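Notes follow once the structure below has been shown.
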Amino acid sequence: MKTNKLDQPVDVSAVEYAYAYLLDRVPESHSVVDHYINLDISIRELRDIIFSSEEFKDYTFYRIMDKWVEKTSKVKTTASDCSHPLLLLGTCAAESLARNLPTVRADHLLYQSNRFEKPVITDVSAYNGVMVSLTLRSILGQVAQKVYGVWDELLIFRDVSTQNILGYSCEIIDELLSNISGSIESVPIFILSFVEPFPTESGVFHARSSRGLYRIVRELNDYLSEKCNGEQNLWFCELNDLLRRHGDWNFYDGYWEYFSHSGLRSVAHPFFFSLYQRISVMLDSLDKDKHQPVKAIITDLDNTLWKGVLAEMDEVVPGDHTEGWPIGYAEALLTCKRRGIVLAICSKNDDAQTRVNFDKVWYGRLRLDDFASIRINWRPKSENIREILAELNILPEHALFIDDNPLEIAEVQRAFPQMRTLSGDPHRWRMELIYGVPTQVPRLSEEAARRTELLQAKVQREQMAATATDREGYLRDLQLRAEIRSITVDDKSFDRALELINRTNQFNTTGQRWTAAELRQFQEAGGRLWILRAADRFAEHGIVGVALLQSGRLRQMVLSCRVFGLGLEDTFLAQIVAENPSPEALRADWQDTGRNATARQFLERYFAPGEDYLLHTAPEWPSHIVGWG
């Protein structure tokens, strides 16, 4: 009688074949293989053990789901309907991602990370973005060639200082990024972080050794992040937190091969889709026309910024009402404030007592000064929010209201159907604020970080204006200063100028949104980019105006609404007219966006309205504004 192969005893090849066929990976180690052989079991029993494992269940689930989605997508969608097609440059990590996204167009192009290698891409416009995975072993090998004249992945074990390894590696990274950005201009480029080996790669007694690869890779990732933040079309994409979230035992090859390879095995795993989702969030955050950004967060207090209703308590004990999720919520709010999103309070309470309780509860960790606008009273919250929006000069669709009470949420939504809201589980608020698309800010500018301070200065100016006996005296007392100059896309002020163009709605003569690459092309075609910097007695406002000029046309002019009405807009246009070779022939573009009536009213003071706006009166530099000097 012929014996079934499944009933034969387990040997080395049987274990390796079972792992490869059922789990798509090799066994963890030789000891794992020996363990199954020593159990004295059959191949059938080994199969049943693997079938019952959690790893097999997870792997099978995601493999089935991928095939089901792939099958249904062929019926319901076309290739052009798939969101965010990507081009993936790199070696094994890029290839692994491409293989694990069967329902998304993710094309892999081999890129070895050699310092003189430039990507050759025939049609980058077919993709929404390019993801680049730099190869660590290639970079370290090139450092070894520079030091020893030979390729050596074991460089960190040689007699080379860590600083020299880092210094030479950063030089190579600079060249690689220059080659990549110089070859790709029309779509965003996402530079993937290096996979960081676990901290004990030097052994349990020498974890995080300054001579170990863990510390070197950590510092290279820090450098890579800072470098990308200084470039116009490069964006750093972190993957190490995703590895930790999913557990990298089965697909990070440092466990099975060697650390300096810094690669990912091409096994089916949800990690790869999580990485794709992260890139999608970044792409969506860059598309301000598709996803309106949040510019203000309005929060309730009781059971929202702290636990409980303080007015009903006999004694407020510092710390008792904030431990746990309120601290996390405060962290998220302050994170958004650092991004330039302003904070406001809207609460039904007694104003004086609540302010005292606020300081008792938070004792300086979170301050009322962190909020640009505060409304604490017993009026309907929709009325208070209307005043907050007016004070901050922010549209409802750019605000987010957070309240634990669904009845208050409903009342506000009836008044402002465009406004986004959050209620329910407070742990979700934290995650939405830190990781949600509308609260992401791709570039952080000095002005953005100081936005709360600048809005508070605006309130002080308005209070001063309310008590002033005459407007001319009020304007003189503001002590306004202005600097107007032309910049290029390589100027350190460019990021703020681009942000201002793409965030401004009300004083924006065309509403056009630009990418850095488009503005570079605009300047190469003879266009000029002008900026206006301003300060008064209350604050230095930074860059508050941007203008685009080309061939005797004012293509676009934007001004921060914080400073509109102070004469700075006249100052800006006066300088632009003076710089134009033929002032009398200056024309302006105008496009009605439905939200920029303020800009139209200003244009029509100096330009004749019609199909073509032609300058009819040259503005004068106001006497109450002085040069920066």
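No experiment lies behind these values; they were computed from the predicted model shown.
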Output yes when R595 and E397 qualify as a salt bridge under the 4.0 Å nitrogen-oxygen rule, no when they do not. yes
Mutual orientation of the aromatic rings belonging to F507 and F602 [parallel < 30°, tilted 30-60°, perpendicular > 60°]: tilted
Atom CG of L224 and atom CD of E238: how far apart are they, to the nearest 0.5 Å? 9.5 Å
Output all residues satisfying salt bridge (charged side-chain N to carboxylate O under 4.0 Å, His left out) with K307, sequence neighbours left out; order by chain, then residue number. none
Looking at R481 and E540, is there a salt bridge between them, counting it only when a charged N and a carboxylate O are closer than 4.0 Å? no
F522 and W514: aromatic ring centres closer than 6.0 Å? yes
Both conditions, 6.0 Å and 45 degrees, for the charged tip of R443 above the ring of W235: are they met here? yes
In Å and rounded to the nearest 0.5 Å, what is the CG to CG distance from L305 to L366? 5.5 Å
Side-chain donor/acceptor of W621 to backbone N/O of I625, under 3.5 Å: yes
Using the test salt bridge (charged side-chain N to carboxylate O under 4.0 Å, His left out), find all partners of E387 that sit at least two apart in sequence or belong to another chain. R375, R379
So that I can tick it off, tell me whether R496 and E499 are bridged by a salt bridge, with the cut-off set at under 4.0 angstrom between side-chain N and carboxylate O. yes
Should D302 and K348 count as an ion pair when the cut-off is N to O under 4.0 Å? no
Does a sphere of radius 6.0 Å around CD in E579 hold more than 12 heavy atoms from other residues, nucleotides or ligands, not counting ones at 6.0 Å or beyond? yes
Is R553 paired with D589 through a side-chain N to carboxylate O contact shorter than 4.0 Å? yes
R355 bridged to D359 by N-O distance under 4.0 Å: no
Could you tell me which residues satisfy salt bridge (charged side-chain N to carboxylate O under 4.0 Å, His left out) with R605, sequence neighbours excluded, listed by chain and number? D570
For the pair W590 and Y613, name the ring-plane relationship: parallel under 30°, tilted 30 to 60°, perpendicular over 60°. tilted
To the nearest 0.5 Å, how far apart are CG in L422 and CG in D300? 13.0 Å
